[in-house]
Amino acid sequence: MEKAKNQIEIYNNKQESSEDIAREIAQLGDFKEIEKELKEKDLFDKEKARVKKLFNESIDLADFPRKHEAVYELLTIQELYDIDTAEHCVKTYQIAKEKVEKVLSKNIILSRIIEEEGVDLERFYFACLTHDIGKVEIPDFIIKNTVKKDEWDEILVNMIEQGKITKKMLAKLELEPENIPSKDEILTQMKEKHLLAKQIVPVSRAISKEDIEKLENERHISADDSLMDIIDKHAEISERILNEKGFPVAARIVGQHHHKKDEESYPVATTSLQISADIADILHIVDVKQALESARSYKEEYFQIKILKILIEEHVYEEKINSKEVAYLLIKDDYNKLIKQDVFNNLNPEEEGMKKVVDDFIVKFEADDGKYKNDLDSWYEKHNMN
Ligand SMILES: [Fe+2]
Ligand SMILES: [Fe+2]
């Protein structure tokens with residue numbers, strides 16, 4: 001008994017490590033405040049050194065000749081806030097680098113396109129590495145929300161059965177608010193629009209009262225928004241942070257990494273802006289790919305086909321990507337890799353179905369009468385560099 005008591009005392013007296021304090025500061029919810037506090041408490045340099053050691057092997061500083069300092073300043077704050085997001089960002093940069101530097105179909109090298117459009121590679125890689133920095137201003141109980149898909153579905157079904165579907169939800173489903181839709185109508189529409197329950201259910205249905213209060217009173221975010229509405233705000237926040245730090249080009253790329261084609265903030269089609277949309281698409285695709293890859297719950301080959309299928313159905317066909325040609329080039333590259341790995345020899349029916357989605361997509365670009373053949377040809381023409 002006495003011994004246990006002593007141990008508790010030792011535990012209570014144990015000083016918080018400087019890393020623990022820095023991690024607490026990273027939860028302040030405001031990038032500038034976090035940076036200021038870390039500097040004032042003399043913690044920033046030590047933490048930067050620690051994070052540099054952690055990612056030294058993964059980040060080639062030769063890619064960032066003028067941004068050594070900035071790379072580790074931003075990455076350190078990201079890492080202190082959430083290690084997983086920091087790792088995701090580093091891997092996104094690594095995959096992007098591999099993809100843009102290699103020779104794709106018809107000798108297209110995306111890095112040349114990026115540079116031709118006046119964005120040097122350093123800025124593009126910097127955007128890849130920092131694209132999620134805005135997450136530090138989203139509360140951690142949102143970012144790290146553990147409600148599972150089944151549970152969201154259950155919440156949604158309950159709402160339907162209790163007649164609690166809101167106007168906001170109907171608007172997202174593009175259903176008329178006048179006549180109340182049946183459960184089947186709602187579920188069909190969700191499937192059609194590739195919407196998940198966590199994208200439409202108000203987050204207030206899935207978090208504690210305390211968290212609702214924190215969200216609304218401290219962060220001024222409505223708990224009627226869905227979990228994904230709130231998480232999606234991070235792209236704009238990333239853009240704002242990078243602008244404030246003096247990186248306007250990376251800021252622009254980052255600000256678009258989740259945008260839908262038809263959203264107002266999507267760049268209008270002047271030549272240079274249009275191209276940076278292509279560049280943002282590269283980041284968007286690599287970002288989704290990395291995020292899906294890191295949630296490994298399937299066997300590898302099934303997984304890779306599934307990733308391509310999701311990219312096609314939920315991102316290209318849903319017009320979240322501006323340049324389907326860029327999507328084609330990157331998807332085709334992965335598809336060729338799977339052929340080389342002999343993955344397609346032994347597929348079960350579900351996997352066959354996924355492969356068909358990918359095949360049909362590729363045919364649209366490659367067949368003489370393919371739906372996207374002309375667009376691809378013009379794209380090649382536009383970007384054909386000698
Ligand atoms: Fe993101
Ligand atoms: Fe991301």
Side-chain angles (χ1 to χ4, degrees), residues 26 29 31 51 55 58-59 71 74-100 123-145 194 196 198-199 203 219 221 225-243 245 247 249-261 263 265-267 276-296 307-308 310-311 314-316 318-322 326-327 330 334:
F31 181 87
V51 170
F55 291 113
S58 317
I59 296 175
V71 160
L74 287 159
L75 194 60
T76 299
I77 292 179
Q78 185 89 78
E79 197 271 352
L80 285 170
Y81 176 74
D82 178 40
I83 300 168
D84 292 343
T85 311
E87 278 175 358
H88 157 72
C89 288
V90 171
K91 284 182 187 154
T92 300
Y93 143 75
Q94 287 178 311
I95 300 173
K97 182 177 158 76
E98 187 230 316
K99 289 286 185 204
V100 304
R123 290 190 167 102
F124 173 69
Y125 291 148
F126 190 67
C128 294
L129 201 58
T130 59
H131 71 277
D132 279 334
I133 189 67
K135 285 193 178 167
V136 304
E137 296 195 2
I138 311 277
D140 69 335
F141 59 85
I142 295 288
I143 295 286
K144 293 181 188 161
N145 184 282
H194 296 289
L196 298 167
K198 67 176 174 182
Q199 288 172 292
V203 75
R219 303 297 184 97
I221 298 172
D225 288 348
S226 73
L227 183 84
M228 292 314 290
D229 288 338
I230 301 171
I231 292 179
D232 283 348
K233 293 184 203 293
H234 76 268
E236 288 168 37
I237 303 172
S238 297
E239 181 174 8
R240 198 203 71 224
I241 292 171
L242 290 184
N243 263 324
K245 295 287 292 175
F247 307 112
V249 176
R252 295 229 5 201
I253 299 170
V254 153
Q256 297 166 25
H257 84 274
H258 289 291
H259 276 210
K260 275 190 139 186
K261 204 174 167 181
E263 276 174 19
S265 45
Y266 211 83
S276 74
D278 270 19
I279 296 172
D281 283 334
I282 302 171
L283 171 55
H284 179 124
I285 292 163
V286 173
D287 176 32
V288 173
K289 217 172 105 70
Q290 205 297 311
L292 291 170
E293 270 173 4
S294 64
R296 283 169 200 279
I307 289 173
L308 298 184
I310 292 174
L311 270 172
E314 296 175 25
H315 294 268
V316 185
E318 286 292 317
E319 301 198 326
K320 286 180 188 161
I321 284 166
N322 180 65
V326 166
L330 294 175
D334 280 341

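Index from 1, following the sequence. In listed order, ligands and their atoms are each counted from 1.
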With carbon and hydrogen excluded and only N/O/S kept, which atom of D132 is nearest the Fe ion (ligand 2)?
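Result: OD2.
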What is the name of the N/O/S atom in D287 that sits closest to the Fe ion (ligand 2)?
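In D287, the N, O or S atom with the shortest distance to the Fe ion (ligand 2) is OD1.
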Is there an N/O/S atom in C89 that lies less than 2.8 Å from the Fe ion (ligand 2)?
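Given the 2.8 Å cut-off, C89 does not count as a ligand of the Fe ion (ligand 2).
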Looking at the Fe ion (ligand 2), is one of the N, O or S atoms of H88 less than 2.8 Å from it?
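Yes - counting backbone and side chain alike, H88 has an N, O or S atom under 2.8 Å.
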Is Q290 reaching over with its side chain to a backbone N or O of D287, donor-acceptor style, under 3.5 angstrom?
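Side chain of Q290 to backbone of D287, a donor-acceptor pair under 3.5 Å: no, none is there.
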Any carboxylate oxygen within less than 4.0 angstrom of a Lys/Arg side-chain nitrogen, looking at K135 and D82?
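Salt bridge between K135 and D82, a charged N being under 4.0 Å from a carboxylate O: no.
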Would you say the Fe ion (ligand 1) has H257 as a near neighbour, meaning an N/O/S atom of that residue under 2.8 Å away?
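A backbone or side-chain N, O or S atom of H257 is under 2.8 Å from the Fe ion (ligand 1).
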Quick one: sort the Y125 and Y93 rings into parallel, tilted or perpendicular, breaks at 30° and 60°.
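Correct class here is perpendicular.
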In terms of heavy-atom contacts, does NZ of K198 have more than 12 from other residues, nucleotides or ligands at under 6.0 Å?
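No, because the 6.0 Å sphere around NZ of K198 holds 12 heavy atoms or fewer from other groups.
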Heavy-atom closest contact (L129 atom, C89 atom, distance)
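Shortest heavy-atom contact: O-CB, 3.3 Å.
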